[in-house]
Amino acid sequence: MSTSNAARVIDHFISGKMPRTGNAGTSLALVGAWGTGKTHFWKQRIAALAPKVGGTHRSSVRPHPKPRTYAYVSLFGMNSLDEIRTALTVDAYAHDGLDKKAMGTIKRLLGSATARSDKASLSLAALTEFADAVLYRSLKGALICIDDLERRGHGLSLTDVFGLATQLRDEMECDVALILNEDRFETKEDQEAYRIHHEKAVDVFVRFEPTPEEAFDIAFDKWEEERDLEAESCHNREVRNVRLLLRIRRTLADVLDQIDTEVQAIRQLAIRSVTFVTWACFERENAALDGSVIATMPNASEDVVHAVLEDAKDEENRSDHFDEPSQSRLLGRRTANVYMTYNTPSPLHTLIVGFVVRGWFDPEELRQAVEEEERAALRENGLIPRAWDLFYKGPSDLDEKHLAESLRTAYLTEMATASLEKVDDAIRLLRQLDRDDYADDLVERVGEVHQDDPQIRDWRKNLSFASDRPYDSKLEAKLDELAKALIPEIPVAEALKAASEHRLDRDGMDALKKANIDAYAEHLRQAGTAQIRAIYGFVGPEPAVRKKVVDALHRIAADSRIYRLRLERILSTIDWATPDAGAEPSATTDSSDENDPA
């Protein structure tokens with residue numbers, strides 16, 4: 001039955017408009033698979049009709065001497081009829097002033113009972129039992145909902161539940177709704193009890209089987225942000241499970257609340273990622289591993305996310321973060337159903353995978369991921385790509401001044417999002433357009449934006465991989481200036497001592513590259529031959545540092561024949577007669593070195 005037809009029937013039932021026999025009430029069964037949203041749908045209809053029936057728990061639609069009461073109970077884990085009666089009573093009066101109405105009734109009836117017993121003393125247990133009975137009987141004419149019949153405890157039989165429902169309907173004039181999944185009555189006893197009693201106990205059956213579109217409308221009622229995109233993401237996966245859709249909605253609301261950005265493309269990425277990952281994690285049985293499902297998620301595939309989630313849930317492989325090495329290992333898995341490579345996963349998508357599994361974001365990681373996504377969005381849609389489009393796609397008689405101003409404005413505004421290669425391209429083009437002033441403005445802007453960027457220390461190393469030509473000379477000078485300023489001030493003596501002990505780190509090596517020959521010579525003049533040999537061997541792979549060591553040793557050797565002869569024995573690969581900055585990095589020792597007193 002479609003949800004519109006189901007709503008019509010249920011609304012008639014809630015409003016007390018169903019045909020009835022005599023004074024008896026009516027009964028309805030809302031039947032459907034787990035996760036289809038039966039309970040959620042029922043509560044939606046109750047909420048929708050509340051203004052018409054005089055409140056959340058009262059109804060005066062049906063002609064009754066008293067205002068109508070509404071009570072709901074889930075049988076999950078319940079083991080007796082007394083538990084059901086108590087739960088119905090508590091729910092019915094929880095919002096209607098139990099102390100004022102119920103206790104007044106109990107007080108009057110207890111007074112009458114005491115009088116009839118000739119003022120004999122009553123035990124506390126007897127009083128409690130009597131009060132429960134009074135409150136339960138006050139449910140006469142109420143609207144009752146009994147949910148989760150298949151999840152009741154082992155001490156409660158299905159026959160007893162149907163018996164209670166029948167009593168409420170026939171003797172207490174209640175309208176009784178039963179919410180259940182008939183396919184989950186697994187024991188023969190339950191199946192037989194259902195076969196025998198359901199036709200007698202239930203007047204109207206409503207089979208709840210929403211389509212993916214209807215399930216989405218139920219779960220995302222009153223959801224506004226990117227509703228069409230979210231609907232498309234869910235419909236593409238044919239999600240019918242309302243419980244899963246509600247999980248997606250809760251997760252999505254939490255994620256979007258934490259993502260501090262106004263860039264719509266990033267929020268759209270979050271919507272796709274949350275939908276996809278939540279579906280892949282919690283709807284595994286229905287997750288079809290084929291290419292058609294990933295149409296709305298170009299960089300992800302089901303097997304990839306499943307692999308991440310499997311390892312994330314495995315205690316042996318659990319870690320606090322989805323770092324790049326472990327992600328690369330996990331994302332390397334493939335199945336025969338999908339042939340798609342996850343080349344460069346979005347940092348935000350990676351964090352969302354972790355959020356769905358663990359339920360939390362690291363605030364700093366999230367901030368960095370959002371900033372990276374914002375930079376990526378600018379690279380694709382900002383002023384810089386527009387300026388280059390003007391150059392490549394503009395008319396042949398394009399005004400040079402307009403092009404130069406567009407490039408200058410774009411890079412001054414969005415320098416933080418641009419790669420050094422593209423900055424160099426812009427600078428070269430501006431110089432070719434005879435706008436050295438604009439090109440120099442870009443060089444200075446690079447200095448402002450990247451003055452604290454630790455990646456600038458490796459710009460020359462990265463250049464060798466990214467380009468087959470050097471950068472603009474002024475740009476290179478500015479980058480070298482920035483890189484040098486980022487090197488910590490570490491004394492040369494401290495760095496050389498660390499090198500002799502083979503524990504020199506990157507900061508120390510960069511400090512040695514920055515230091516002058518005089519500082520080297522001052523320390524090496526006091527070093528023993530074993531320490532010199534260790535230093536030379538350790539810095540061998542760094543030509544710039546090795547050259548400074550050799551030049552400093554040459555300077556010292558020029559002042560002392562003994563010192564030169566000593567060096568010739570321990571570093572035989574160096575020509576000590578002529579300074580040689582290109583000496584081999586390995587330090588060899590003559591056989592006579594064993595007699596060296598050092």
- Item | Test item: R445 side-chain N/O and L412 main-chain N/O as donor-acceptor pair under 3.5 Å | yes
- Could you check K222 against D217 for salt bridge (charged side-chain N to carboxylate O under 4.0 Å, His left out), going step by step and ending with a plain yes or no? CA-CA 9 Å; K222 298 180 181 179; D217 288 338; over 6 Å; no
- Message: I'd like to know whether K547 forms a salt bridge (charged side-chain N to carboxylate O under 4.0 Å, His left out) with D551, so could you lay out the CA-CA distance, the side-chain angles of the two residues, the decisive distance to 0.1 Å, and finally the verdict.
- Response: CA-CA 6 Å; K547 181 180 186 303; D551 289 348; 2.8 Å; yes
- Task: Kindly check if the number of other-residue, nucleotide or ligand heavy atoms within 6.0 Å of CZ (F391) is above 12?
- Result: yes
- Query: Does the side chain of L565 come within less than 4.5 Å of R569's, by heavy atoms?
  - Reply: no
- Item | Test item: side-chain donor near acceptor, T261 and E373, under 3.5 Å | no
- Between K513 and E542, is the closest basic N to carboxylate O distance under 4.0 Å? yes
- Under the side chain to side chain contact (heavy atoms under 4.5 Å, CB included) criterion, do D453 and L486 qualify, and how do the steps go? CA-CA 8 Å; D453 183 0; L486 289 169; 5.6 Å; no
- Message: Less than 4.5 Å apart, side chain to side chain, heavy atoms only: is that true for F355 and V255?
- Response: yes
- Flag yes if more than 12 heavy atoms outside E405 fall under 6.0 Å of its CD atom; otherwise flag no. yes
- If only atom types and distance count, is the side chain of N241 paired as donor or acceptor with the main-chain N or O of T36 below 3.5 Å? no
- Message: For D440, is there an ion pair with R408 - N to carboxylate O distance below 4.0 angstrom?
- Response: no
- Message: For L524 versus I535, what's the shortest heavy-atom pair and its separation?
- Response: CD2-CD1, 4.0 Å
- Is there side-chain contact between K478 and H450, with heavy atoms separated by less than 4.5 Å? no
- Note on the structure: Heavy atoms of A552 and Y520 approach each other most closely as CB-CB, 3.6 Å
- Message: Closer than 4.0 angstrom, basic N to acidic O: yes or no for R460 and E476?
- Response: yes
- Pairing of R428 and D472 as salt bridge, 4.0 angstrom limit: no
- Message: For a side chain to side chain contact (heavy atoms under 4.5 Å, CB included) check, start with the C-alpha distance between V242 and L246, then their side-chain angles and the critical distance, and finish with the verdict.
- Response: CA-CA 6 Å; V242 174; L246 289 171; 4.0 Å; yes
- Just checking, R435 and Y438: is the charged tip under 6.0 Å from the six-membered ring centre and within 45° of the axis? yes
- Note on the structure: Of E225, E226, E262, the one forming a side chain to side chain donor-acceptor pair (under 3.5 Å) with R267 is E225
- Task: Would you name the heavy atoms of P470 and D424 that are closest together and state the gap between them?
- Result: O-OD2, 4.3 Å
- Query: Taking the inter-plane angle between the rings of W223 and F220 on a 0 to 90° scale, is it parallel (under 30°), tilted (30 to 60°) or perpendicular (over 60°)?
  - Reply: perpendicular
- Task: Report yes if the side chains of I352 and F361 come closer than 4.5 Å at any heavy-atom pair, otherwise no.
- Result: yes
Side-chain donor-acceptor pairs of residues 487-497 under 3.5 Å, sequence neighbours excluded:
| unit_1 | atom_1 | unit_2 | atom_2 | d |
| --- | --- | --- | --- | --- |
| E489 | OE2 | K514 | NZ | 2.9 |
| K497 | NZ | E501 | OE2 | 2.7 |

- Item | Exercise: identify the closest heavy-atom pair between Y411 and I384 | OH-CG2, 3.5 Å
- Query: Taking the inter-plane angle between the rings of Y471 and W459 on a 0 to 90° scale, is it parallel (under 30°), tilted (30 to 60°) or perpendicular (over 60°)?
  - Reply: parallel
- Query: Taking only residues two or more places apart in sequence or in another chain, which ones pass ring pair (Phe, Tyr, Trp, His ring centres under 6.0 Å) with F538?
  - Reply: H502
- Decide yes or no on side chain to side chain contact (heavy atoms under 4.5 Å, CB included) for K548 and L512, but give the supporting numbers first. CA-CA 9 Å; K548 289 186 177 183; L512 289 180; over 6 Å; no
- Flag if over 12 foreign heavy atoms under 6.0 Å of CZ, R247: no
- Message: Testing the basics here: between G540 and R546, what is the closest heavy-atom pair and its distance to 0.1 Å?
- Response: O-NH1, 2.6 Å
- Task: Answer whether the closest heavy-atom distance between the side chains of I456 and L420 falls below 4.5 Å.
- Result: yes
- Closest non-hydrogen contact found for L269 with L348 is CD2-CD2, 4.1 Å
- CG of D260: more than 12 outside heavy atoms within 6.0 angstrom? no
- Task: Kindly determine whether Q526 and Q531 satisfy side chain to side chain contact (heavy atoms under 4.5 Å, CB included), including the steps that lead there.
- Result: CA-CA 10 Å; Q526 307 300 323; Q531 189 179 24; over 6 Å; no
- Query: Taking R375 for the side chain and V370 for the main chain, is one N or O donor matched with an acceptor at less than 3.5 Å?
  - Reply: no
- Item | Short N-O contact, R457 and D507, less than 4.0 angstrom | yes
- Between the side chain of E414 and the main-chain N/O of L383, is any donor-acceptor distance below 3.5 Å? yes
- Would you kindly check if the NZ (Lys) or CZ (Arg) of R151 is within the cone defined by 45 degrees around the ring axis of W34 and under 6.0 Å from the six-membered ring centre? yes
- Message: Can you tell me if E448 has over 12 outside heavy atoms packed within less than 6.0 Å of its CD?
- Response: yes
- Flag for D399-H402: side-chain donor and acceptor within less than 3.5 Å: no
- What residues, two or more places apart in sequence or in another chain, satisfy side-chain contact (heavy atoms from CB on, under 4.5 Å) together with E364? D362, R367, Q368
- Side-chain ion pair, K484 and D510, N-O less than 4.0 Å: no
